[in-house]
> 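Sharing a structure here in structure tokens format.
We number each residue from 1, following the sequence as shown. Being a predicted model, the structure only gives us computed values, none of them experimental.
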Amino acid sequence: MNWIKLILLFFIPVTLYSQNFDSEYIERMDNTLNMKLSLDNDIESFEYKDEDTKYTVQPNTNIRTTLHANYRFISFKLGFSPRIFSDHDEDNKGKTTVFKIQTDLYYRNWMQTFEYFRIEGYYAENIFETNGLEFIKLPHLKTKTFRSTTRYKFNKNYSLKALLTQTEIQRRSAGSFISSLNYYDTDLTNRDGVQDMHTKGIMVNTGYFYTLVINRSWYSNFGISPGIGVEFNKVNTDTDEGFITDKETGLTGNINTRLGFGYNSSRFYTGLDFRLSAIGRSQKSIADFDTVRGIFNIFMGYRLDAPRLIKDSVDWLEERNPMK
């Protein structure tokens, strides 16, 4: 037994499945290794405020690059922001580093996503006009986020993989209600500052998504998903008398929309989509992350014949699937 089989064996209880959908609607790409490159602007800024001041804090980069590798039931993503996509004004705005890792797991109509995201290095406009500088550099300001999203589709003939990872192809038009449970845990820290913030939240969304198959090669998709949840904030402040902790709990509401268009062949595929996300909070914290965001994503990929080692290892795993 080699090390690849040992790693894959870990996923047996949660990822293997046998789908029961109509092959006229969905074409499975089980024997290809799906490699994809995408560009997006999914990088959050936030608004800082206290009793006397209010200003926007943002990273010195606008675009993130993500490399995707998908085979059958497992999907891995690694994201970073190359220097080429910063505005190169590091002397005034500082340097930003971005890192993201994500994995998607599937079981029948379920999809589970785990994501870790880190940004270090921000800047803000110098509203205090200190020392005549236009910007204030915050090189040690860091955000770290862990997010878990569980999705369920109600129509077996609608492909979540075709929508999100392009590891299947939607061959006939179909739509589905999709419900999701989202959990997130965010730390906002600055070793040069006196305040840290820790946020936990949980949100439930339910919406409808539809993929319109125009012809054998072209498609479009769109959807809308409102949700409601609760958010827990904790702010630690270092004072002369010691640490002071403030806690607050508030309701959140959000709405997400999606519009996409793409090209598919058995090997090459490409596309773009635009998402609009809006969130409202009943409580205001010292740092409010983007409440309205427009996110674009451009991608292209190629489906390769899977290497023999990967194919044999996954075949070995599926033969030992206790849930089939």
Side-chain angles (χ1 to χ4, degrees), residues 4 8 11 15-40 65-79 102-113 151 153 155-176 178 209-223 258-275 296-319 321 324:
I4 292 182
L8 292 175
F11 292 105
T15 62
L16 291 183
Y17 65 95
S18 58
Q19 283 272 33
N20 250 342
F21 49 68
D22 189 337
S23 61
E24 293 183 4
Y25 281 85
I26 301 174
E27 180 179 354
R28 295 173 62 172
M29 311 300 290
D30 283 351
N31 294 320
T32 60
L33 176 63
N34 187 354
M35 303 299 297
K36 182 172 72 172
L37 176 68
S38 66
L39 299 176
D40 65 56
T65 301
T66 305
L67 299 175
H68 309 244
N70 310 281
Y71 185 66
R72 296 195 190 174
F73 53 83
I74 300 177
S75 172
F76 290 102
K77 304 174 186 178
L78 182 64
Q102 177 180 323
T103 183
D104 302 314
L105 308 172
Y106 305 90
Y107 176 73
R108 296 183 180 173
N109 290 351
W110 297 87
M111 178 179 179
Q112 176 65 51
T113 297
R151 298 179 177 91
K153 65 173 184 176
N155 183 359
K156 65 181 181 181
N157 292 324
Y158 183 77
S159 175
L160 270 174
K161 288 186 177 183
L163 176 70
L164 300 176
T165 63
Q166 292 77 49
T167 52
E168 292 176 345
I169 300 176
Q170 189 82 46
R171 288 303 188 190
R172 293 184 61 182
S173 299
S176 178
I178 296 175
F209 292 82
Y210 189 84
T211 296
L212 173 66
V213 178
I214 301 171
N215 56 36
R216 188 72 180 174
S217 299
W218 296 95
Y219 68 91
S220 179
N221 54 59
F222 48 90
R258 185 186 190 103
L259 176 64
F261 186 77
Y263 170 85
N264 248 324
S265 71
S266 59
R267 293 292 185 178
F268 174 77
Y269 60 92
T270 186
L272 60 91
D273 59 62
F274 178 79
R275 289 175 287 146
F296 72 85
N297 177 44
I298 302 172
F299 61 87
M300 64 175 60
Y302 195 82
R303 301 180 180 100
L304 307 165
D305 292 331
R308 184 64 179 269
L309 177 61
I310 295 178
K311 183 179 182 302
D312 288 348
S313 298
V314 174
D315 287 343
W316 174 89
L317 179 59
E318 289 186 327
E319 290 174 359
N321 174 19
K324 64 182 179 180

> Kindly compute the distance separating OH (Y269) from OH (Y302), expressed to the nearest 0.5 Å.
11.5 Å
> Side chain of K153, backbone of Y158: donor and acceptor closer than 3.5 Å?
yes
> Once you round to the nearest 0.5 Å, how far does CG of L67 lie from NZ of K36?
11.0 Å
> Using side-chain contact (heavy atoms from CB on, under 4.5 Å), reason through E24 and N157 one step at a time and then give a plain yes or no.
CA-CA 9 Å; E24 293 183 4; N157 292 324; over 6 Å; no
> How long is the straight-line distance from CG of N70 back to OG1 of T103, given to the nearest 0.5 Å?
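Answer rounded to 0.5 Å: 9.0 Å.
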> Looking at T165, is its backbone amide N or carbonyl O close enough to the side chain of N34 to form a donor-acceptor pair, meaning the two atoms are under 3.5 Å apart?
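Indeed, once roles are kept as given, a pair shorter than 3.5 Å links the two residues.
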> Please check: side-chain N/O of Q170 versus main-chain N/O of L160, any donor-acceptor pairing under 3.5 Å?
no
> Just verifying a value: how many Å separate Q102 CD and L78 CG, rounded to the nearest 0.5 Å?
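That separation rounds to 11.0 Å.
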> Do D104 and K161 make a side-chain contact, defined as non-hydrogen atoms from C-beta onward lying under 4.5 Å apart?
no
> With under 30° as parallel and over 60° as perpendicular, where do the rings of Y263 and F268 fit, or are they tilted in between?
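The rings of Y263 and F268 sit tilted, inter-plane angle from 30° to 60°.
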> Closest heavy-atom contact between R172 and V213?
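It is C-CG2, 3.5 Å.
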> Minimum heavy-atom separation for Y25 and A174, please, with both atom names.
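Where Y25 meets A174 most closely, the heavy atoms are CD2-CB, 4.0 Å.
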> Under 3.5 Å, is there a donor-acceptor pair linking the side chains of H68 and S38?
yes
> What's the spacing between S173 OG and I214 CD1 if we round to 0.5 Å?
8.5 Å
> Here's a test for you: under ring-ring contact (aromatic ring centres under 6.0 Å, His included), which of F222, Y219, W218 qualifies with F261?
W218
> Can you tell which of L164, L105, L163 makes a side chain to side chain contact (heavy atoms under 4.5 Å, CB included) with M111?
L164
> For the atom pair CD (E168) and CD (E27), what is the distance rounded to the nearest 0.5 Å?
9.5 Å
> Exactly one of D40, L39, T66 should register a side chain to side chain contact (heavy atoms under 4.5 Å, CB included) with N297. Which one does?
D40
> Testing R303, Q166, R216, R171 one by one against N264 for a side-chain hydrogen bond (donor to acceptor under 3.5 Å, both in side chains), which residue passes?
R303
> Identify the heavy atoms of S220 and G260 that sit nearest to each other, and give their distance.
OG-O, 2.9 Å
> With sequence neighbours left out, write down each residue that passes salt bridge (charged side-chain N to carboxylate O under 4.0 Å, His left out) with R258, or none if nothing qualifies.
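Once residues adjacent in sequence are excluded, the partners of R258 under the salt bridge (charged side-chain N to carboxylate O under 4.0 Å, His left out) criterion are D273.
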> Hey, does the side chain of N155 reach the backbone of G175 with a donor-acceptor pair shorter than 3.5 angstrom?
yes
